[in-house]
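Just below is one structure, and these are the notes that go with it.
In what follows, every chain begins at residue 1, and chains take the letters A, B, ... in the order their sequences are listed.
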Amino acid sequence: MSSKKVTSITPKSENLTQWYTDVCVKAELMDYATTKGFIIYRPDGYALWESIKDYFDKRIKALGVRNVYLPSLIPMSLLKKEADLIAGFAPECAVITKGGNKELAEPMVVRPTSETMFCDHFKNIVHSYNDLPVKYNQWCSVVRWEKTTRPFLRGAEFLWQEGHCLFETENEAREFTLTMLREYNMIGSELLAIPFVMGAKPSSEKFAGAEDTYTIEAMMPDGQALQSGTSHYLGQGFTKAYDIKFQGRDNKLDNPYYISWGVSTRLLGALIMVHGDDEGLVLPPRVAPTQAVIVPIRMDSDPNVLKVARELESQLKEAGVRVYLDDSNKTPGWKFAQYEMKGVPLRIEVGPKDIANGVVSFTKRYDSSKSTLPIENLAKTIPALLEEIQAGMYQKALTFLNEHIIECHNYEEVKEVITSGKGFAKMMVCSKNEAELETKLKSELNATPRVMPFDQRPFQSTDTVTGEEGADTVIYFARAY
RNA sequence: CGGGACGUAGCGCAGCUUGGUAGCGCACUUCCUUGGGGUGGAAGGGGUCAUGGGUUCAAAUCCCAUCGUUCCGACCA
């Protein structure tokens, strides 16, 4: 391969964070905005979010969730009603104190999350058990005044969806909390080709005001964890604080059970990190804005090339493939590098030799494998190939995840796994030791308990660190983004 | 929020030490050439040197401050 003349990306192995930033900028997913800490979503970046949104919006509507929109500004007094929430979010709130030239009687907070606004509204619309359940969601942006920001992974403003639902009973609420977590997991398995670890957060990592927080955690290339989506069982804490009451079947007043759930544009960060390589972005076909690019070879000297390429383009479009024919006068080599950088899953080459042989050449982005397909029937074989790529990418990521969840039998092994970036340290823990363990791993290894996976099959009976008998919990510890 | 690096054309950089009114590569425009891994050539267009102040006859260059980006930590989705 010749030296990269147009753009170059820091190798992934040399400096992962620099590599990540390079890919975000050079694959034209985002640009930095003049407003500090904020980014501009460029078309190729926003398209990824739209894919996720389109997919997920259909899914939640099928579950009876309806979309709403609430104000982006929250009066300070309203936010303060739930003590844990304000304690958790106050340090990162943006506050507006003036309207026009006039000092506001009460400061307004730009929403960091909307539990308070939803609750304030819910108390007006919920009166009886007949009004339940309420299943609302909103697509919006939220603002959190972060000290340090990274494109997609942590920004002062990010796009997300926040689901807010009320139920008559605890069981229904808990069940839907987990339903949504499974939906999040499917965004990974069905769309982004990212395998997640599903499970519960230990209490120290729970959402401010939640009784239980469930998470999907992704494995980053450096073995660190990325919390990629959360679903919270909030119990009655909020509904009591905000005085939401309904008359039950027993004629008595009760507070409904509340849950909230969210995924954000952080998923784009996960997508970039999990699949990207030294050549740039690698996209799974189902989210890729362009699924296949056709590169004509020697199109000027052989007029037949462009003719065949155009036929192929319209054939594939008709078959529902998001295809792009690059008939610009750039050289093929330039085009190859360009679309690799942008992560296009499949490159199709059409040249005189191919036409003579009755085939097209193709290269899969994710594993660089090259082959040919007969030129007949491409409207069938290309979509099948794209699905094969999707599945291949998921398998590759799943293998990586499994190889980097490492059972640890003593503290030395935990230390080795964490400090050498090998992945998640899978530990057996006696619940009574959990708090102490957290403190120890936090201070000594900078690792936190990421998740208590739903798969709680024990791999030994003794506590990984203390060696005591009676270890009852499987926990993954890791460094986190 | 601490520590380091950086800010000069769309991108990547040189120029700064030793002040004298801005340059290179890529990208862009036109033409030719080439075309199966970033072709080669010719002619062009594009910059109040991050911002503000100071020193000076004169500042990209020296001094002070501010802002921004980035990397490494701490903190948080």
For the pair made of CD1 in Ile187(A) and P in A77(B), what is the distance, rounded to whole Å? 20 Å
Work out how far the C1' atom of C62(B) is from that of G3(B), and round it to whole angstrom. 26 Å
Checking all strands, does Thr331(A) fall into the base, sugar-phosphate, or nothing category for heavy-atom contacts under 4.0 angstrom? base
What is the separation between atom OH on Tyr481(A) and atom P on C71(B), rounded to the nearest whole Å? 10 Å
To the nearest Å, give me how far apart OH (Tyr32(A)) and C1' (C67(B)) are. 16 Å
With a 3.5 Å cut-off and no angle check, do the side chains of Tyr339(A) and Thr290(A) form a donor-acceptor pair? no
Suppose you measure atom C1' in U30(B) against the same atom in U70(B); what distance do you get, rounded to whole Å? 38 Å
What is the distance, rounded to the nearest whole Å, between atom CE of Met341(A) and atom P of G12(B)? 12 Å
Donor-acceptor pair under 3.5 Å, Arg154(A) side chain vs C76(B) base: yes
Is there a donor N/O on one and an acceptor N/O on the other, under 3.5 Å, for the side chain of Thr148(A) and the base of A74(B)? yes
Complementary nucleotide of G20(B), counting Watson-Crick and G-U pairs under 3.5 Å: C57(B)
Mark yes or no: Lys396(A) above the aromatic ring of Tyr366(A), with NZ or CZ under 6.0 Å from the six-membered ring centre and no more than 45 degrees from the axis. no
In whole Å, measure the gap between the C1' atoms of G20(B) and G46(B) for me. 25 Å
On the side chain of Arg347(A), is there an atom forming a donor-acceptor pair with the base of G37(B) - under 3.5 Å, no angle test? yes
To the nearest angstrom, how far is Arg111(A) atom CZ from A77(B) atom C1'? 16 Å
Quiz question: going by heavy-atom distance under 3.5 Å, is there a donor-acceptor pair between the base of G73(B) and the side chain of Asn446(A)? no
For nucleotides G25(B) and G15(B), find the distance between their C1' atoms and express it as a whole number of Å. 15 Å
At less than 3.5 Å, do the side-chain atoms of Lys370(A) and the base atoms of G37(B) form a donor-acceptor pair? yes
Among A77(B), U70(B), G35(B), the one nearest Arg266(A) by side-chain distance: A77(B)
If you check every side-chain atom of Phe158(A), which of C71(B), G35(B), A77(B) has the closest atom? A77(B)
Describe the nucleic acid contact of Leu226(A) in one word from base, sugar-phosphate, nothing, applying a heavy-atom distance below 4.0 Å. nothing
Under 3.5 Å, is there a donor-acceptor pair between the Arg111(A) and Thr113(A) side chains? no
Base partner of G7(B), which must satisfy Watson-Crick or wobble distances under 3.5 Å: C67(B)
Figure out the CD/P separation between Gln18(A) and G12(B), and round it to whole Å. 11 Å
Going by distance alone, is a donor N or O of one side chain under 3.5 Å from an acceptor N or O of the other, for Ser114(A) and Gln138(A)? yes
For the pair Tyr257(A) (side chain) and Tyr233(A) (backbone), establish whether a donor and an acceptor sit closer than 3.5 Å, ignoring hydrogens and angles. no
Counterpart base for A14(B), defined by Watson-Crick or G-U wobble contacts under 3.5 Å: none
Roughly, in whole Å, what's the span from NZ in Lys147(A) to P in U69(B)? 16 Å
Nearest to the Thr21(A) side chain among U70(B), G35(B), A77(B), which nucleotide is it? U70(B)
Let me know the distance between CD1 of Ile348(A) and C1' of G37(B), rounded to the nearest Å. 18 Å
Choose from U39(B), A27(B), C71(B) the nucleotide whose nearest atom is closest to any side-chain atom of Lys330(A). A27(B)
Does Lys36(A) reach a base, just sugar-phosphate, or nothing at all? Heavy atoms under 4.0 Å. sugar-phosphate
Determine whether the side chains of Thr213(A) and His232(A) contain a donor N or O and an acceptor N or O closer than 3.5 Å. yes
